[in-house]
Amino acid sequence: MKNFILILSILAFIIWPLNFFRANPQLNLEPQTIFVQDYQGRQLILRNINLYPNVYLARLFQNKAVIVTNKYFNNLFNILDLNYYFFGSHPREVVGGLNYTRLPLLTILPILWFLFITQHPKKKTFLLSISIFILIISFFINHYVYDFILWPFFLLFIFYGLEDLIKINLNFSTIFSFCLLIETIYELAHLIS
Amino acid sequence: MKKYLILIVALILGSILRLWQLSAVPNGLTWDEAAIGYNAYSILKTGRDEHGAFLPVVFKSFGDYKPGAYIYLTVPSVAIFGLNEFAVRFPSALAGILGILGIYLLTKTILSLGSKTTSTELPSQLSALAFAISPWSVHFSHGAWEVNVFSTLTIFALYYLLRFIRNKSSLYPSLLFACLSLAMYQAAKLLTPLVFLLFVAIYWKDFWQEFSKYLNPGKLLRLAPFILFGAWIFFGSLFGSAGNRLSTLSIFNYKPNLAEKALPIDGVGSLAIPLFHNQTELSTSLVLSRYMWHFSPEVLFYEGSIITERGHIPGLGILNPLEFILLTFGFIWLVRQLAPGTHDSPSKSTLLILGLLLIAPVPASLTLAEFSTVRALFMAVPLAMISGIGMYYLLRLLRLMVLPLFLLYFLLVFYVFDSYFLHSQTAFSTEYNYGYKQVVEIIKENPTKRVIFTDVFGQPYIYYLFYTAFDPKTYQASDGFVDGGLDVGKVNKLANVEFRQFSSPEIMTEKDTLFVGSEGNINNQFDITSPNIALFRQFQTPDNHIIFRVIKTKP
């Protein structure tokens, strides 16, 4: 049973790397950080400054740091969005980004199950590690190029989540695994076609 | 008294936030608000709507067929306060305040049904507090949003349903609130049955035990009016002209003909076309991605809806950013009740609250809009419950950390509402059609033979009717409404006012005429010092964007 779960998890997960290498064959890892000069961002700040009643308030809320923090939070929330993984960021695709389906939708159940319910001895380590990686790659405008750092975690989440689900309800998990297998085959066929 | 201190604070704070600057924030009126106000005024004066229909249940309005309940709620408000912004928004604000009490009652009942060991009073009062200061709820209480009243009615419908299940009330109050909710809001036709089904399914045994007492001719006869009214409202909005509006908004009518577009890439006879580029796959993925988008932290806590600023506090998400922590803790507390080993069976209260959260975005996911804070407003109800539970859990877990955390939270609450009441007018001015009121004042102060009013911002006639409190009987008799087919219609002429586009040369030739136009109609090159110009006025948004230019020509 464990082997079946492992194969199913790998099959479901493999869509992400396949899409990654297909969309980014040269694997250009040149970093573009949120700290690069941004003319448009500065213009926006200058425009917004006029909306404040005095210069002190304007400086407090509209300054150069705001350009950087806004970009950081944009990236962070993009990575935290479930649609980033399951629907290629739709409906908020990143312009020029890698907007592809990373995981089959049904893997959401084992992932959330693992994140919220499974009692695993290394769960805290996993969560802390993935959080740190997410916080780091959010510094890059092209964070979608570096999201391969998250691959092992998602593979583990799917695997441990499925394993735990099977322990709890074998009948449901069998039907669910079958559905996941069908969706995975469909997504893989879509990818190859 | 002391026992209910948090609830009393929540009610006072919630009332202040919902009633303070009710007419001024947002600084204008949406088309629907103006239409609701004028139709209520028309009903008050003549018993008929703007089109002359006698006490209709569904109002034709612009051709968008508004459910009538909110308009009837506005009638007494208009009678007391007059035809103005406050009167139009007051029913919604009141519903928001009552919603705070409703959240307390519903959370308490849900939690007391789910577990006998957990304290119910404190988390319920904290949920009411979370709802009272929810930016989402406060914002929608500051506008004539039918969905806000619908949410409160549904809260009470569910509360009385749970009381019925516990044999503490009859079924009638629950059915009454459910029927009113159906009459209140279009999406209720889907949401109300779904939440009722959830509650009935989870408590099926208890429900059936109580419901079986109603299976006698006398009681069934008393249920009949509710069932007939519900069915009438339900089916009335699915078919006919009202149904057209529903199909215009539906995501299932988005058919870009994928197969044809994929043909040059995949080639004729390719198996990929029917397999991967079909309408079913597209519709399914659009619905699912829209549904998931409602749980995006970006929308909830950071930037809000991407489409329009009308549905949230500009520059902020639809929730308080720090509510993220409360929701996480609330979620952990709830999920722990579901976790195997902690209980013999999953906690029903958890299933109910999480079920409500999962059902709430369903109607919004079936429409063309990618995210609608309006259609998804009912999410604020389970989210407030989870936040309240999160506060309670935090209080138990981190006693020492609670004070600084709550201080930070309330500091952020202050920041959020400071942004809303004092700094949001620049963004709201275009979203809420700021300027119409000022322009109509100019029309009233400067009587001319003709008025030519631009229709570039849509439905100017309703603002003219609203701000002049135009005699409904005269308007009904003129009936200048032109149907728009599947889309909304328009009025081209009303008394001496024409609603249409015009250009600068027309101003030079027409005498004794008041022209109300946008920057496009009266551009910067127009010579306002020309001898036939008697008056020139310009109206700008708070961030200095020109909305209207008014020119009066000499007789």
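Here the structure is a predicted model, which is why all the values come from computation and not from measurement. Below, chains carry the letters A, B, ... as their sequence lines are ordered, and counting in each starts from 1.
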What part of [X] gets within 4.5 angstrom of chain A, counting heavy atoms only: side chain, backbone, both, or neither?
X: S289(B); result: both
X: L286(B); result: side chain
X: Y291(B); result: neither
X: Q425(B); result: neither

Handout entry: Considering all heavy atoms, the nearest F329(B)-L397(B) contact
Key =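 Heavy atoms of F329(B) and L397(B) come nearest at CE2-CD1, 3.8 Å.
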Exercise for the section: Of all the heavy-atom pairs spanning S365(B) and R290(B), show the shortest one and how long it is. Expected result: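 S365(B) and R290(B) have their closest heavy atoms at O-CD, 3.6 Å.
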Exercise for the section: Examine F154(A) together with F13(A) and report whether their ring centres are nearer than 6.0 Å. Expected result: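 No, the ring of F154(A) stays outside the 6.0 Å limit from the ring of F13(A), centre to centre.
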Practice task
Taking the six-membered ring for Trp and the single ring otherwise, decide whether the centroids of W113(A) and F157(A) are under 6.0 Å apart.
Solution key: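 For W113(A) and F157(A), the ring centres are not under 6.0 Å apart.
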Exercise for the section: Kindly indicate whether the side chain of H312(B), heavy atoms from C-beta on, has any atom under 4.5 Å from the side chain of P135(B). Expected result: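 No. Closest side-chain heavy atoms not under 4.5 Å.
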Does any backbone or side-chain atom of [X] lie under 4.5 Å from a heavy atom of chain B? Answer side chain, backbone, both or neither.
X: Y186(A); result: both
X: N169(A); result: neither
X: L76(A); result: neither

Handout entry: chain B interface, residue from L80(A), N78(A), L82(A), N74(A) that has the most non-hydrogen pairs under 4.5 Å
Key =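 Ranked by heavy-atom pairs under 4.5 Å with chain B, first place is N74(A).
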Problem - Top contributor to chain A contacts, counting heavy-atom pairs under 4.5 Å, from N544(B), I332(B), L288(B) - result: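 Highest number of heavy-atom pairs under 4.5 Å: L288(B).
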Practice task
Examine the side chains of Y84(A) and D147(A) and answer whether a donor and an acceptor come within less than 3.5 Å of each other.
Solution key: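 Distance-only check passes for Y84(A) and D147(A).
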Problem - Pi-cation contact, Y100(A) with R102(A) (under 6.0 Å, within 45°) - result: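 Yes, R102(A) and Y100(A) form such a contact.
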